[in-house]
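The next block holds one structure in the form of structure tokens; read it before the comments.
Treat the numbers as computed from the prediction; the structure is a model and nothing was measured. Basis for what follows: all heavy atoms, side chains included, without hydrogens, waters or symmetry-related copies.
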Amino acid sequence: MNAPRRFPGTVYRDGDEPDPRFSLANERTFLAWLRTALALYAGAFALEALALPEALGWRAAAAGVFVVLGTVASLQAWWGWAATERSLRRDTPLPGLGAGAIIVAGVIIAAALVTIGLFA
């Protein structure tokens with residue numbers, strides 16, 4: 001009897017099935033990255049919806065940074081999940097932190113833009 005086909009094949013065709021607890025933890029991390037992406041998108045929309053008393057250009061720049069960071073977090077969710085699942089299946093070391101440092105730096109930049117806009 002053939003094993004059922006699973007998506008994505010590039011992840012599931014190699015290696016052995018890992019302990020389900022590890023795969024489920026990997027899925028929870030995937031969902032956490034998606035929640036982070038949604039929060040970053042919400043931050044961008046909130047900056048525009050609240051119309052803080054600051055220079056429009058600074059607020060729009062900060063909102064743009066949040067939108068880009070939300071997209072990076074969404075991509076990290078997928079790529080991080082796939083890389084970790086492959087590592088679990090192949091019994092190789094887990095990948096390092098991908099986009100976390102980029103997102104932290106971006107949030108700091110966006111906060112700086114909002115702060116500058118308040119005093120400009």
Item checked: Residue pairs passing the salt bridge (Lys or Arg N to Asp or Glu O under 4.0 Å) test where at least one lies in residues 20-33, sequence neighbours excluded -> Asp19-Arg21
Margin query: Nearest 0.5 Å, please: how far is CZ in Phe66 from CD1 in Ile109?
Written below: 11.0 Å
Next item on the list: Verify the cluster assignment for Phe30 and Leu69: are they in a single hydrophobic cluster under the rule of side-chain heavy atoms below 4.5 Å apart?
Entry: no
Notebook entry, point to check: For Thr84, which residues count as a side chain to side chain contact (heavy atoms under 4.5 Å, CB included) partner, sequence neighbours excluded?
Noted result: Asn26, Leu88, Leu94, Pro95
Next item on the list: Considering only NZ, NE, NH1 and NH2 on the basic side and carboxylate oxygens on the acidic side, decide whether Arg86 and Asp14 come within less than 4.0 Å.
Entry: no
Next item on the list: Return the set of residues passing ring pair (Phe, Tyr, Trp, His ring centres under 6.0 Å) with Trp78 (not counting sequence neighbours), or none when no residue passes.
Entry: Trp81
Next item on the list: Report the distance from atom OG of Ser74 to atom CD of Gln76, rounding to the nearest 0.5 Å.
Entry: 10.5 Å
Notebook entry, point to check: Tell me, do Arg89 and Asp16 make a side-chain contact under 4.5 Å, heavy atoms counted?
Noted result: no
Check: Who are the side chain to side chain contact (heavy atoms under 4.5 Å, CB included) partners of Val104, not counting sequence neighbours?
Finding: Ile108
Item checked: From Arg59 atom CZ to Leu50 atom CG, the distance as rounded to the nearest 0.5 Å -> 9.0 Å
Note to self: Is there a continuous path of hydrophobic side-chain contacts, each under 4.5 Å between heavy atoms, that joins Trp33 to Leu31?
What the structure shows: no
Notebook entry, point to check: Should Val11 and Trp79 be regarded as members of a common hydrophobic cluster, given that ILVMFWY residues are connected when their side-chain heavy atoms come within less than 4.5 Å of each other, either directly or indirectly?
Noted result: yes
Notebook entry, point to check: Backbone N or O of Tyr12 within a donor-acceptor pair of the Arg6 side chain at under 3.5 Å?
Noted result: no
Notebook entry, point to check: Do Ile103 and Leu40 have side-chain heavy atoms sitting under 4.5 Å apart?
Noted result: yes
Check: What's in the same ILVMFWY side-chain cluster as Phe45, cut-off under 4.5 Å, chained through other members?
Finding: Tyr41, Val67
Check: salt bridge (Lys or Arg N to Asp or Glu O under 4.0 Å) with Arg35: which residues, sequence neighbours excluded?
Finding: none
Item checked: Within one Ile-Leu-Val-Met-Phe-Trp-Tyr cluster: Val72 and Leu97, side-chain cutoff 4.5 Å -> yes
